[in-house]
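These notes concern the structure reproduced below.
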Amino acid sequence: MTADVAVETTPEIPLWNDPAHPVSARVDALIGAMTLQEKIAQLYGVWVGASDKGGEVAPHQHDMEEPVDLDALLPSGLGQLTRPFGTVPVDPALGALSLMRTQARITSSNRFGIPALAHDECLAGFAAWGATAYPVPLSWGATFDPGTVRRMAAAIGRDMRSVGVHQGLAPVLDVVRDARWGRVEETIGEDPYLVATIGTAYVQGLESAGIVATLKHFAGYSASRAGRNLAPSSMGTRERADVLLPPFEMAIREGGARSVMHAYTDTDGMPSAADETLLTELLRDTWDFDGTVVADYFGIAFLKTLHGIAADWADAAGAALRAGVDVELPTVKTFGTPLVDAVTDGRVPEAVVDRALRRVLGQKAMLGLLDPDWSPVPPALDGVDLDDPEALRGRVDLDRPENRELAREIAEKAVVLLTNDGTLPLAAPRRIALVGPNAAEATAVLGCYSFPLHVGVQHPEIPVGIDLPTLRDTLTAEFPDADLTVARGTGVDDGDLTRLGEAVDAARQADIVIAVLGDRAGLFGRGTSGEGCDADSLALPGAQQQLLDALLDSGTPVVTVLLAGRPYALGRAVTESAAIVQSFFPGAEGTHAIAGVLSGRTSPSGRLPVSVPRGPGSQPTTYLGARLAQLSDVSNIDPTPAFGFGHGLTYTGFAWSDLAVDAQEAGTDGEFTLSLTVRNTGERTGTEVVQLYLHDPVASVVQPVQRLVGYTRVELEPGESRRVRVTVPADVASFTGRDGRRIVEPGDLELRLAASSTDARLTATVTLTGPERRVDHTRRLHADFTQEPATRD
């Protein structure tokens, strides 16, 4: 058998299969022909795992669910296949064959020939065995570079589509509110504008490859009390509207996202999965979102088991459907027999089933899954002889050189240099002591949703599937003439200091110490960072601070390198380290990027997407605090960060000058235009990140002291200057007023052009005039930067 056999069609095809008709007409016709069971079957998924032998997928046994009977389910059809590649290690070519055969079985089993929509995780790359592991989203934020993130997402999407996947469960658009939360590594940062712009770029890239991007978690998941996973959210309506919702708004409006995943959490007693105000009135009626809302895994059942607002599974299904949830994931529980019975006996109107079904089938139609020439054969297997599955092994490469090159580019742009006394870049050191639990750990560069740590750890007998050089490996190559001594010192979180003396001895005998500290990503307590791996403080895990202090006492200069999923308080190292290099789980090419920064082969250009705390217990706080959140005389706790949001050093210097403001006043429907000159005053090529913060001195409701409203990366050769211009619409000064509506108020504003939230370089005081103005989701969202060609002194 070969994969280039066309699907036969009849001259007379049903309306729903005819792409010459509008999608709405096709969907209406199909719904009108379906039984209740067939309708509901399109509204749930089944958790499967592809076969490494190329056979059909097998239902995944999960400890929260009973196994499903595919023979009983498939005659009614099936809405989704859950994680065919992200459940067990499987060669990509054989996984694609397995998915193809399963789709053929699904279409032949239901009377309309409707295939399932296959989804998988793609938070830091396609979560499949052998696929490139890219940096985690917190590193995307550190790049301050939407364009590169867009290219990465497009590459991830192409790999997913090549093997038959349609939907990706990313990006995470939660804004960090408490860095103790274990899922900080999955977020883009603590500022809603940074999260929105980087997240929207990711959506654009994924969607450009034909993958349905899924925004999560809608909304408020990251605002949980004390940073505990799945804890209640304490936010008010204004925090939700002005901090947590804007990234979703931009990703829908500008990114074209076609799916949204509800959050697990409740806000003021209302679980997101049952919140009609959120999922229908805001998302659909106000923002005009016309895609699908999918359940976070088991989230509908949680309405009964965790939230206690549903008496039984049918009650939970009805509450979710009424609110606006369209698809139950990961597998059938409440949307199966309980929902059929509830509709049959009148407890749930069939109209809400039809409403959800219309969205689901509309999306399948737009993906071509209802077309008469649809084929289950994915692009990676097109034209390939499929008679010998074993001959396919190794035929599909998801970790190609171009992927690795892109992963390295992002990792390099995401490395943040926090401090440097001139020790970096290292000038051909003779003796290096490489110390710490992450110095020689291959998986220290990976987040919890990377395939090796999310799935691979459950299959230790299977090779990891991709090359993961350790920092020891890359430093050995970077400094081939150096004598490199490696000492672990302590584990990530075991508290063991029995080998501390060995580490200190290595430090004393070296010219430079590189201390490699941080996290181990995992799930539900199996790591120090990741889903369900929350921290009770922001002290370095285990005994790592004791190790770091001992190294600082050794008398040898210490370069502190962090491979972590969240920011940590670093104690004495803030002032006593020769340099501090921060990297947030930088992916498979991450150690190459770090080695290049240490040697000076590359110049650091990353900026902090989250503040680094001064002390381990001054949480929760972000730079977005109002005046009462700042240092005061009436509290003994100083929340001032050691390094603020947006901070990052380079190996050169920059001078900012010649601020010009076109007009000091503009109406509440107008705009301001500012310009400045940025000059590279050093002897190396470098990148400055010009950040624009807005400060509103007097407002009708309490505002953050400042908030980011724009940014741009400025790359300059030594001696080069560039004129940078930014147009700032009054709309970016809007906020949620006293009556719950978004407004632009007249009054004075400060527009701070800054190198970070703690380093304003040039400030323009401007005034908005005229009446208070109401704005909505159609408002202008950006301060737009342009750059003139560079000139030399």
Side-chain angles (χ1 to χ4, degrees), residues 22-24 27 42-43 79-80 117 119 153 166-175 192 195-197 199-208 210-221 237 240-263 267 270-296 299-300 319-329 351-367 736 741-742 775-781:
V23 167
S24 58
V27 168
Q42 292 297 317
L43 306 185
Q80 292 217 9
L117 188 150
H119 78 258
H166 308 101
Q167 182 170 0
L169 303 189
V172 169
L173 297 183
D174 295 295
V175 178
V195 173
T197 49
T200 296
Y202 184 90
V203 169
Q204 291 167 339
L206 207 62
E207 290 280 356
S208 74
I211 292 291
V212 175
T214 307
L215 312 181
K216 56 187 192 181
H217 307 86
F218 193 65
Y221 191 24
T237 55
R240 178 157 150 171
D242 290 353
V243 177
L244 297 170
L245 291 179
F248 294 92
E249 186 178 9
M250 187 184 291
I252 290 169
R253 177 176 158 188
E254 297 183 0
R258 288 181 284 174
S259 188
V260 169
M261 176 180 281
H262 76 71
T267 302
M270 179 56 67
S272 293
D275 190 347
E276 186 172 359
T277 301
L278 178 70
L279 299 182
T280 296
E281 292 180 18
L282 176 66
L283 182 63
R284 298 192 184 280
D285 297 343
T286 300
W287 290 354
D288 299 320
F289 175 71
D290 60 1
T292 57
V293 173
V294 301
D296 202 345
I300 299 175
L321 271 175
R322 289 187 185 94
V325 179
D326 302 314
V327 181
E328 180 177 26
L329 297 179
V352 296
V353 172
D354 289 350
R355 182 180 68 172
L357 179 62
R358 187 164 284 104
R359 297 163 185 157
V360 167
L361 293 179
Q363 198 157 90
K364 287 191 173 185
M366 288 185 284
L367 288 167
T736 302
R741 297 176 183 269
R742 182 170 287 276
V775 295
D776 58 18
H777 65 288
T778 64
R779 69 192 183 280
R780 296 168 68 181
L781 301 177

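Computed from a predicted model, the values in this text were never measured in an experiment.
Atom OG1 of T200 and atom CD of E254 lie 6.0 Å apart (nearest 0.5 Å). Here OG1 of T286 is found 9.0 Å from CG of D776. Values are rounded to the nearest 0.5 Å. Taken from NE2 in H217 to CG in D174, the straight-line distance is 6.0 Å, to the nearest 0.5 Å. Note that the CG atom of D288 and the CG atom of L283 stand 10.0 Å from one another [nearest 0.5 Å].
When all heavy atoms of G299 and A273 are compared, the closest pair comes out as O-CB, 4.2 Å. Counting all heavy atoms, side chain and backbone alike, L321 lies closest to A356 at CD2-CB, 3.9 Å. Minimum heavy-atom separation, L279 to A323: CB-O, 3.2 Å. The minimum heavy-atom distance linking G255 with V203 is given by the pair O-CG1, 3.4 Å. The two residues P247 and A196 come nearest to each other via the heavy atoms CA-CB, 3.6 Å. What you find for A257 and F289 is that their closest heavy atoms are O-CE1, 3.4 Å.
With contacts defined as side-chain heavy-atom distances shorter than 4.5 Å, the pair V260/W287 does not qualify. With contacts defined as side-chain heavy-atom distances shorter than 4.5 Å, the pair F218/L173 does not qualify. Considering only heavy atoms from C-beta on, L43 comes within 4.5 Å of V360 through its side chain. Residues H119 and L329 meet the side-chain proximity criterion, which asks for heavy atoms closer than 4.5 Å. Counting heavy atoms from C-beta outward, R258 and L367 have side chains that approach closer than 4.5 Å. Within the 4.5 Å cutoff, the side chain of T277 has no heavy atoms near those of the M270 side chain. L361 places a side-chain heavy atom less than 4.5 Å from the side chain of Q42. With contacts defined as side-chain heavy-atom distances shorter than 4.5 Å, the pair R284/V293 qualifies.
A side-chain donor-acceptor contact under 3.5 Å links R355 to the backbone of R322. Looking only at distances, a side-chain donor or acceptor of T214 sits under 3.5 Å from a matching main-chain atom of G168. Although no hydrogens or angles enter the test, the distance criterion places no donor-acceptor pair under 3.5 Å between the side chain of E281 and the main chain of D275. Listed for the R253 side chain is no donor-acceptor partner under 3.5 Å among the backbone atoms of M250. D296 places no side-chain N or O within donor-acceptor distance of the main-chain N or O of M261, the cut-off being under 3.5 Å.
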Legend entry - Verdict with supporting geometry, V212 and H166, side chain to side chain contact (heavy atoms under 4.5 Å, CB included): CA-CA 6 Å; V212 175; H166 308 101; 5.5 Å; no
Inset, instruction - Walk me through it: do R240 and L278 pass the test side chain to side chain contact (heavy atoms under 4.5 Å, CB included)? - result: CA-CA 11 Å; R240 178 157 150 171; L278 178 70; 3.1 Å; yes
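Counted within 6.0 Å of CG on D290, heavy atoms from surrounding residues, nucleotides or ligands total 12 or fewer; the atom is thus considered open.
Between D242 and R742, at least one side-chain nitrogen of the basic residue sits less than 4.0 Å from a carboxylate oxygen of the acidic one, meeting the salt-bridge criterion.
Counting only N and O atoms by type, the side chains of Q80 and Q167 include a donor and acceptor under 3.5 Å apart. With no hydrogens or angles considered, no side-chain donor-acceptor pair links E249 and H777 at under 3.5 Å.
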